[in-house]
Colleague: 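Let me begin by handing over the structure; questions about it come next.
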Amino acid sequence: MGLLIAASGPVIPNFGGASDKCAVNNGFFCWNWFTQHWGSTFGPAVVQHIILTAIAVGIGFAIAFALALLAYRFDWMETPIAGISSFLYTIPSLALFQILVPFTGLTRLTVEIALVSYTLLLLFRNIVTGLREVPEEVRDAARGMGLTQRQILLRIDLPLAVPAIFAGLRVATVTTISLATVAAFVVDEGLGAPIFDAISRGNFKTEFVAAAALAILLAWVADLLLVALQRMVAPWAAKRRSSVVPRSVVRAIRGRRRPISAVRET
Amino acid sequence: MQTEDDTAQSSSPRQHARAAELEFKNVSKRYPGADKPALRDLSFKVPAGEICVLVGPSGCGKTTAMRMVNRMIDITEGDILLDGKSVRGRKPAELRREIGYVIQQIGLFPHLSIGDNIATVPRLLGWDRKRISARVDELLELISLPAETRDRYPAEVSGGQRQRVGVARALAADPPLMLMDEPFGAIDPITREHLQNEFLRLQEALRKTVVFVTHDIDEAIKMGDRIAIMREGGVLVQYDTPDRILADPADEFVARFVGLDRGLKRLALSKLSDLSLDDADSVRDGTPAHGQANPDRVVFVDGQSRPVGRLGRDREPEPIGPVGNPDTSLRDALSLIMSDDNRPLVVVDADGAVAGLARLDVIAGALASHNGRDAPAEARS
Amino acid sequence: MPFAAAGLGQQFLDSFTFMGNNTSHLLHDTLATIALSGAALGVALAVTLPFAVWLGHLHRGSGMAIRIANLGRALPELGLIAIFLAILGIGFLNVMVALVIVGIPPILANTFTAVDGVDPDVVDAARGMGMSELWIVFKIELPLALPLMFAGIRTSALFVIGASPLAAIAGGGGLGEIIVNQASYGFDGVLAAAIWVAALALLVQALLALLQRAITPEGLKAQARARGEKVVVGISDAERAMEATPSHA
């Protein structure tokens, strides 16, 4: 790793060949330059970014799901698990990447460990809350009809927790896409790479703007896809949210403040 | 109902017992965008010191009417007069500080102690510390909460106590008018009855003008000096005393709303002390009681004339069963008589001595005779 | 770098040696990071709080508040800094703007949700007793909204401090400048600065947790106890702050 501070003084600019007037003048966004470099720079970066994110969210979900089931079964485990995952979540991304380097080197593994550790808190909290928010009377009715603990978990608790689980997945995915740009400090992959490339070219604006815009776009598309997926998996959940009963009435019936956990789905 | 002012003063000497007359004059409410008015031409007068209950099914506009008094809802047409003065020209915040306000959910401030909750309006009015502190102590005593409650938080006391604090908070600045929106609605039946009785006891001393909203006709009959029955669309159907509403419902709607048992409900409004009792044939315990014409009238008494037994229909002495007293409602008396083979009920006075006998036909007759017992109401629509 | 126990220990040892030799430099940079993050948080608070409290008081704009919060989550910190490198160039202004934008969404979402969610019956009672609107906001809604609002501020601090080392690529200074400048400081310096930043972030969260506990009105703690909720405010409480940030469109 070398010097990654954007140049403030005059440097010898290298704006991708003199053929493009916009690029030579370092315009805010040069469409031609962008399309010319899609195949060599941006396309691969987007694909790498998606892979980095997908692996992190996938592994993170598997771990968080297992931990959530444990915490759901054994109450006492929730506090330590939540404590450790929020400890990880609190560490600034750049610092965590560097602290992992002595262990796993400048590798993809380092990146994935960091990204996974950021998803844990978001996913774990949402899955546990989703399971715990299943109304006790529903569970009681299931028990009364003769369902076993295992059947209640599979047929009642998990399906009813789907909206909360998806809420967690959406936050975790969007957050991971955002953090995966930082991966470029460790490996030359993802949409952070063009940003560093732009710095090395002497603050080339088009590359800054294109990489950032693609990261935002990617987050937005991923969020929409997850919403669509949720509609397919749990169509009833979408209807439930657009309640026709005014919120004030619901509150009056509940007779108390909305619990903090309910705010998540607002 | 007691009306003597000295009674009102005696149990709480620091109360001014001031109350305001409240008048609705052709009040209408129309919400923008709604095709029908929420309230239609509402007119009635609540005399100072009386409880007026607004009652009706949901959507009848009773809460809307109440909330217009302290301008929580704006008046579209007409006027509301408080002691003859229009509320429309008043600054809402200032007006509200003069009117006690109790709602079903109480709305105690959870971050303030009970004492600070009660002190809310006096603070807004700028009372000095000493006066506020004395007033808080006085109110806690009035609602029979221990003095140390003032430093507790709302979450640390029971639901019934919270409701009492809500009433005390509304009374803090001694307002001439109280607005109460289903104040006992969210409470279990036993506590509710307790709080109702307690409030009636308070009211006997304080004599505030009270506007009380409920959807429960039984609560209305119990609490109200006057009842305004409203129906969907914000129409006042009948405004009268509970007894007259039960005896003479204005229309089919009121009759249905008060229920088929309205006769029995009326009986609940009267007590044995309202009835003329038959004389009992008191017989000292141990004295043979043969040769009496009617065994139902024979009551064996002890040295203090207290009933110990009576003569059965088979002319054999038997121990005394339940007896009535002057405060027993006619409804309860009727029930006791009917579960005792329709024999007249033995009634005792405050000392427990036999006062007389209450006969089934006399109670039944009371229903017919006390039509119009109370003064006729001023408004009926 | 090989995964070798000896090398591993040596690298951390080196970083501690670096800390020993460069304490004043690290302290200076730590103060710079604190100043930068604090300033960004301060600006974010000043810009957001009045607006969010006012919207929450009126119960208006819930859709907008939540949309801004979601939008904020989708903004990559590094991308933001890159975009402002293109617009504003290198320097303090760029870094400030980027960090303020990072800090706003949690404050906005939590403050709005907290004030909007104050028990309507409590507000109705306050109004019915003749409190002015301003009085209702300051004496009723703000105290009751405080814990949830503060959770948002903690999350915001977490995001801003998390992004502050990245700001170094745009000349933001602070500990990040060491982390991104391995050529000058060597990996022992990079590692040392990374450890200091991590410690700083954890320390700030712990302090804010204590502060949150201190400013939560006693009556609300009593309420939480009465409902059987845990009143645990520790470092592990950061996750509660996260929950309050709406994630749904």
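Below, read A as the first sequence line, B as the second, and so on, with proteins coming before strands; counting in each chain starts at 1.
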Colleague: Which atom pair, heavy atoms only, marks the closest approach of C:A194 to A:A95?
Modeller: O-CB, 3.3 Å

Colleague: Got a sec, which residues hit side-chain hydrogen bond (donor to acceptor under 3.5 Å, both in side chains) with A:R132, two or more places apart in sequence or on another chain?
Modeller: A:D75, A:E78

Colleague: What pairs with C:D124 under side-chain hydrogen bond (donor to acceptor under 3.5 Å, both in side chains), at least two apart in sequence or on another chain?
Modeller: B:R67, B:Y101

Colleague: A side-chain contact here means heavy atoms from C-beta on lying under 4.5 Å apart; do C:V197 and A:L94 qualify?
Modeller: no

Colleague: Provide the closest heavy-atom pair for C:F12 versus A:I99 in the form atom of the first, atom of the second, distance.
Modeller: CZ-O, 3.8 Å

Colleague: Non-hydrogen atoms of chain A under 4.5 Å away: do they reach the side chain of C:I81, the backbone, both or neither?
Modeller: neither

Colleague: Search all heavy atoms of A:P92 against all heavy atoms of C:A198 and return the closest pair with its distance.
Modeller: CD-CA, 3.9 Å

Colleague: Counting heavy-atom pairs closer than 4.5 Å to chain C, which one of A:L191, A:I195, A:V209 comes out on top?
Modeller: A:I195

Colleague: With a strict 4.5 Å heavy-atom criterion, list every residue of residues 213-221 of chain A that contacts chain C, or say none.
Modeller: A:A215, A:I216, A:A219

Colleague: Rounded to the nearest 0.5 Å, what separation is found between the CD1 atom of C:I87 and the CZ atom of A:F208?
Modeller: 12.0 Å

Colleague: Of the listed residues (C:A193, C:G79, C:P76), which shares the most heavy-atom pairs with chain A below a 4.5 Å separation?
Modeller: C:P76

Colleague: How far does CD of C:Q205 sit from CZ of A:F87, to the nearest 0.5 angstrom?
Modeller: 12.0 Å

Colleague: Output side-chain donor-acceptor pairs under 3.5 Å for residues 174-187 of chain A, partner residues at least two apart or in another chain, one line each.
Modeller:
residue: A:T175; atom: OG1; partner: A:V171; partner atom: O; Å: 2.6
residue: A:T176; atom: OG1; partner: A:A172; partner atom: O; Å: 2.6
residue: A:S178; atom: OG; partner: C:E77; partner atom: OE1; Å: 3.1
residue: A:T181; atom: OG1; partner: A:S178; partner atom: O; Å: 2.6

Colleague: Under the criterion side chain to side chain contact (heavy atoms under 4.5 Å, CB included), which of C:I161, C:L203, C:L202 is the partner of A:T90?
Modeller: C:L202

